[in-house]
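In this chain, residues are counted from 1 in sequence order.
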Amino acid sequence: YHLCLPYRMGRWKRKWKGKGDGGKEKRSRDDSGDGRSRKQRENTWTVVTKNENFEHFYKEQQMFDTPEEWDTFMKHLRDPLPTTFRVTGTKSSAAEFRDMLYKRYLENLEKLEVAKAGDTVIEPPTPIAFYPDRLAWQMNVPRGMFRKFPEFHRFHKFLVAMNEKGHISRQEAVSMIPPLLLDVQPEHTVLDLCAAPGSKTCMIIEALHAVHNPTGLVIANDVENQRCYTLTHQTKRLQSPNFLVTNLDATRFPNLKVPSKADAGVLIPLKFDRILCDVPCSGDGTLRKNPAVWKNWTVMNAIGLHKLQTRIVYRGAELLEVGGRLVFSTCSFNPIENEAVVAWLLRASEGALEIVDEAATLPGLKFTPGFKSWKVIEKFGKELPDHASIPPELKKQFVSSLWPPSAEEADEMGLDKCMRVFPQQQNTGGFFITVFKKVKDMRKTRNMEPGPYKKWTPAASETSAPPTADEAAPPTAGEAGSAVDTAADDAAGEKLHAKQYGFKEDPYVFYEVDGDSYWPPLKEFYGFSEDFPARNLLTRSAGSVKRNIYLVSDMVREVIQNNDVRQLRLINAGVRVLTKSDAVKKPVDYRLCMEGLQSTYRFVQKQQAVCEMSDIALAIRQEGATFPMLSKGLQEGLEKIPVGCTVLNCVKNADDTAGGLSCDLQVLVWKGTGNIRTLVSKADRIFLCMLLGIPTEDELAAEKKAAKDEAPATSAAAAPVDDVAMTTDTSSVPDATTSCAAP
């Protein structure tokens with residue numbers, strides 16, 4: 001049960017001792033029989049994939065019916081995790097990119113015969129069964145095997161490039177389940193309480209943007225400041241104006257105030273339609289990708305995290321709107337972190353929450369129903385039968401909520417509606433998911449010592465008014481199996497958090513459109529329509545120099561303007577739509593940004609021209625394409641547009657044989673006096689090449705190298721294709737469907 005990995009501590013040199021002066025004979029590098037030198041053998045560290053405490057604890061839980069199932073479970077935990085990825089974006093663009101991805105790469109990989117590399121079987125990619133529309137794929141190819149197979153190596157390089165730009169997300173299969181069960185709609189307000197590193201948040205943002213111009217809001221929060229910047233980096237690739245990142249303790253997430261739709265001028269607490277609580281956990285479901293967990297795993301990890309988990313999920317339940325949905329999840333097998341937290345929350349909510357049965361929501365998903373009973377075991381492997389039998393000094397650590405409810409209470413709660421995913425079921429990691437629905441308002445004062453579970457029925461319900469902004473305050477006292485520390489501990493924790501994770505962010509300054517000198521010339525030059533939300537433009541500088549201009553949605557603006565940004569610890573908001581132009585001769589000070597083009601191009605009426613797919617293909621591969629090289633319709637459109645930043649808009653057309661895309665496509669260019677130059681990054685160029693079905697720069701280089709190796713030396717005088725594509729001579733430009741070279 002060992003994974004041996006070479007680990008070299010710095011540089012080393014071979015120094016052989018020869019004969020003479022009593023010296024020993026030279027020792028061969030291969031004398032040990034394994035082909036490694038002594039230095040290499042000494043600098044090898046071993047990851048042990050065995051933990052007796054782990055095996056003892058889970059065998060006691062009786063998770064499986066037969067010893068064979070247990071052996072299969074342990075075998076999968078020691079196997080490497082398959083590579084999984086999903087296509088990101090809106091439904092139309094994601095489907096288009098999926099089709100091009102399949103034709104360019106996946107179809108060829110599926111045709112490959114199953115190969116073997118030692119004891120490892122290399123299989124072609126397969127779609128993940130439970131993910132809709134074949135937008136997520138899985139490859140049973142360990143990372144070290146990619147370089148041994150040229151087809152997989154080429155595909156891997158493409159995945160890395162597309163993941164960096166956000167068109168593909170390399171995400172573990174089981175972590176895709178909670179956002180799918182959250183069922184986010186474009187009008188929903190959504191809170192992700194423990195969001196970093198951000199893969200699930202990206203799925204939530206994509207669901208919100210299922211339609212153009214959604215009215216909803218996504219707030220992603222994490223307690224660690226540095227992880228918030230990782231979260232920002234992951235999510236900024238989607239460029240959503242409906243998105244905020246906050247740096248707050250999830251157990252103390254504040255009541256945000258927003259204007260009331262019924263009473264003008266009145267601020268009310270913001271309630272969320274959807275909340276994701278992917279809480280911190282011991283992480284033994286990630287053993288396949290984090291082998292270090294084998295060494296660090298103890299039963300006390302889960303017991304120590306149980307109280308924190310209940311605090312987070314209870315605060316989430318308080319912030320949830322009646323009729324809303326809360327998804328609780330962990331990457332752990334442990335019932336102490338899973339069913340025990342669920343049972344405690346159902347008791348503490350006093351019937352305000354109920355578990356939703358989602359067994360049929362994802363037809364291809366294989367899972368095990370939640371446990372109705374489990375055992376509490378201390379660090380020396382001894383079972384603790386109940387809370388009353390343990391010594392008084394251990395009662396604070398081993399709180400009463402660790403133990404399972406009675407069989408009758410477990411049935412009434414519906415704990416079997418919880419979902420636990422084991423690695424052997426679909427060759428994934430481990431995960432636990434429970435979906436809650438809020439059926440009534442929770443009590444105004446927290447119930448930290450819940451009694452027996454009582455199922456709520458409309459006939460037996462008590463009238464309860466929604467909590468005010470001050471009533472659902474952060475916890476201040478209580479313990480007794482709850483998740484609330486003392487008020488003194490909370491205050492000390494806040495001071496420590498402020499000391500360890502200092503908060504220093506630039507201000508969020510909204511434009512005063514009526515009195516600002518920047519906006520009128522921009523509106524006139526680009527022809528922004530009257531319905532453009534100019535009041536949602538903001539900068540991150542209070543001074544006179546404004547390098548970038550960002551756009552947010554109406555709801556994000558309401559949250560920022562009606563709450564203290566420093567108390568909210570706002571890290572990121574908005575998408576960059578305008579930036580300071582560096583051009584020598586510029587008609588206005590700011591040009592449009594490609595990253596925010598999806599939020600602005602519909603409002604641009606002047607600096608926009610309709611084009612064909614061949615025009616975009618030419619602009620991508622031909623730096624400085626002249627007007628005569630473009631289609632007649634685009635030439636006529638550009639003649640009416642002054643020099644400056646311009647949007648090329650290719651509208652979908654079922655009869656378009658040049659591209660045949662089923663979605664619109666927009667590209668940003670700089671229109672000169674006689675030519676156009678694209679304003680897109682290299683990663684965007686690769687993405688556009690994929691959509692248009694033309695070779696990328698790397699593919700052209702590979703073709704060039706292959707042709708050079710095959711061609712005789714006497715014919716080497718011929719000019720390579722990609723060199724021709726880079727020229728500005730109009731007579732030497734190849735057809736738009738044959739090449740693409742990045743500048």
About how many Å separate CG of Asn140 and OG1 of Thr83, when rounded to the nearest 0.5 Å? 8.5 Å

Within the structure provided, determine whether Tyr131 and Met176 are in side-chain contact (heavy-atom separation under 4.5 Å). yes

Under 3.5 Å, sequence neighbours excluded: what are the donor-acceptor pairs made by side chains of residues 379-386?
{"unit_1": "Asp386", "atom_1": "OD1", "unit_2": "Ala388", "atom_2": "N", "d": "3.2"}
{"unit_1": "Asp386", "atom_1": "OD1", "unit_2": "Ser389", "atom_2": "N", "d": "2.9"}
{"unit_1": "Asp386", "atom_1": "OD1", "unit_2": "Ser389", "atom_2": "OG", "d": "3.1"}

Does the pair Cys418 and Val342 meet the rule for a side chain to side chain contact (heavy atoms under 4.5 Å, CB included), with working shown? CA-CA 9 Å; Cys418 302; Val342 171; 4.2 Å; yes

Taking NZ, NE, NH1 and NH2 as the nitrogens, is one of them in Arg274 or Glu321 under 4.0 Å from a carboxylate oxygen of the other? no

List in chain and number order the residues that pass side chain to side chain contact (heavy atoms under 4.5 Å, CB included) with Thr84, two or more places apart in sequence or in another chain; answer none if no residue qualifies. Ile128, Gln138, Ala173

Within the 4.5 Å heavy-atom criterion, are Lys366 and Phe130 side-chain neighbours or not? no

CD1 (Ile204) and OG (Ser240) are apart, to the nearest 0.5 Å, by 11.5 Å

Can you name the side chain to side chain donor-acceptor pair (under 3.5 Å) partners of Gln185, sequence neighbours left out? Asp183

Applying ring pair (Phe, Tyr, Trp, His ring centres under 6.0 Å), name anything that partners Phe57, two or more places apart in sequence or on another chain. Trp297

Does any part of the side chain of Leu208, heavy atoms only, come nearer than 4.5 Å to the side chain of Asn242, both counted from C-beta? yes

Grab the two heavy atoms, one from Met555 and one from Leu217, that are nearest each other, plus how far apart they are. SD-CB, 3.9 Å

Check side chain to side chain contact (heavy atoms under 4.5 Å, CB included) between Cys228 and all other residues, then give those that pass, not counting sequence neighbours. Asp222, Val245, Asn247, Ile571

Would you say the side chain of Leu276 lies within less than 4.5 Å of the side chain of Leu193, judging by non-hydrogen atoms? no

Using a 4.5 Å cut-off on heavy atoms from C-beta on, say whether the side chain of Glu350 contacts that of Met442. no

Is there a side-chain contact between Met139 and Thr126 in this structure, where contact means two heavy atoms from C-beta onward sitting under 4.5 Å apart? no

Run the salt bridge (Lys or Arg N to Asp or Glu O under 4.0 Å) test against Asp357 and tell me which residues pass, sequence neighbours left out. none

As an exercise, state the distance from CD of Gln234 to CD1 of Ile205, rounded to the nearest 0.5 Å. 11.0 Å

Ring centres of Trp344 and Tyr314 under 6.0 Å apart? yes

Can you list everything that forms a ring pair (Phe, Tyr, Trp, His ring centres under 6.0 Å) with Phe333? Sequence neighbours excluded, please. Phe73, Phe422

On the six-membered ring of Phe431, is Arg420 placed so that its NZ or CZ lies under 6.0 angstrom from the centre and within 45° of the ring axis? no

Answer yes or no: is there a donor N or O on one side and an acceptor on the other, between the side chain of Trp374 and the main chain of Phe371, under 3.5 Å? no

Would you call Glu354-Lys438 a salt bridge at under 4.0 Å N-O? no

Can you give me the closest heavy-atom contact between Thr235 and Leu231, atom names plus distance? OG1-O, 2.8 Å

Any heavy-atom pair between the side chains of Val559 and Leu568 that's under 4.5 Å? yes

If you count the non-hydrogen atoms of other residues, nucleotides and ligands that lie under 6.0 Å from NZ in Lys437, is the total more than 12? no

Determine which pairs satisfy ring-ring contact (aromatic ring centres under 6.0 Å, His included) with at least one residue from residues 170-201, sequence neighbours left out, and list them in order. none

Taking the basic N atoms (NZ, or NE/NH1/NH2) and the acidic carboxylate oxygens, is any pair closer than 4.0 Å for Asp79 and Lys75? yes

Could you pull out all residues at least two apart from Ser175 that satisfy side chain to side chain contact (heavy atoms under 4.5 Å, CB included)? Gln171, Glu172, Ser199, Lys200

I'd like to know if Glu206 pairs up with Arg86 as an ion pair, taking the criterion as any Lys NZ or Arg NE/NH1/NH2 lying under 4.0 Å from an Asp or Glu carboxylate oxygen. yes

Partner of Ile355 under side-chain contact (heavy atoms from CB on, under 4.5 Å), chosen from Leu346, Val435, Leu345: Leu346

Spell out, as yes or no, whether a donor-acceptor pair under 3.5 Å connects the side chain of Asn221 to the backbone of Leu248. yes

Rounded to the nearest 0.5 angstrom, the OG1-CZ distance for Thr49 and Arg288 is 12.5 Å

Can a salt bridge be assigned to the pair Lys372 and Asp411 using a cut-off of 4.0 Å between side-chain N and carboxylate O? yes

Has Trp70 got a side-chain atom pairing as donor or acceptor with Glu55's backbone, closer than 3.5 angstrom? no

Nearest 0.5 Å, what's the NZ-CD distance between Lys50 and Glu52? 6.0 Å

Please check this pair: side chain of Lys375 against backbone of Tyr58, looking for a donor-acceptor N/O pair closer than 3.5 Å. no

Run the numbers on Leu182 and Val190 for side chain to side chain contact (heavy atoms under 4.5 Å, CB included), then give the verdict. CA-CA 10 Å; Leu182 202 58; Val190 189; 4.1 Å; yes

Hey, does the side chain of His306 reach the backbone of Ile336 with a donor-acceptor pair shorter than 3.5 angstrom? yes

As a quick check of understanding, evaluate side-chain hydrogen bond (donor to acceptor under 3.5 Å, both in side chains) for Ser332 and Asn334, giving each step before the final call. CA-CA 5 Å; Ser332 171; Asn334 201 326; 5.2 Å; no

Can you check side chain to side chain contact (heavy atoms under 4.5 Å, CB included) on Arg325 and Asp273, steps first, answer last? CA-CA 6 Å; Arg325 174 174 292 213; Asp273 301 300; over 6 Å; no

According to side chain to side chain contact (heavy atoms under 4.5 Å, CB included), who are the partners of Pro132, at least two apart in sequence or on a separate chain? Leu180

Looking at Asp278, Asn338, Asp284, which hits side-chain hydrogen bond (donor to acceptor under 3.5 Å, both in side chains) with Thr330? Asn338

By side chain to side chain donor-acceptor pair (under 3.5 Å), which residues pair with Ser260, not counting sequence neighbours? none

Test your reading of the model: is there a side-chain donor-acceptor pair from Arg227 to the backbone of Ala196, 3.5 Å cut-off? yes

Step-by-step side chain to side chain contact (heavy atoms under 4.5 Å, CB included) determination, Ile312 to Phe328: CA-CA 10 Å; Ile312 293 174; Phe328 167 76; over 6 Å; no

Enumerate the residue pairs fulfilling ring-ring contact (aromatic ring centres under 6.0 Å, His included) with a member in residues 384-415, sequence neighbours excluded, ordered by first and then second residue. His387-Trp403

Tell me, do Cys202 and Leu238 make a side-chain contact under 4.5 Å, heavy atoms counted? yes

Salt-bridge present (Arg347, Glu409; N to O < 4.0 Å): yes

d(Lys417 NZ, Phe436 CZ) to nearest 0.5 Å is 11.5 Å

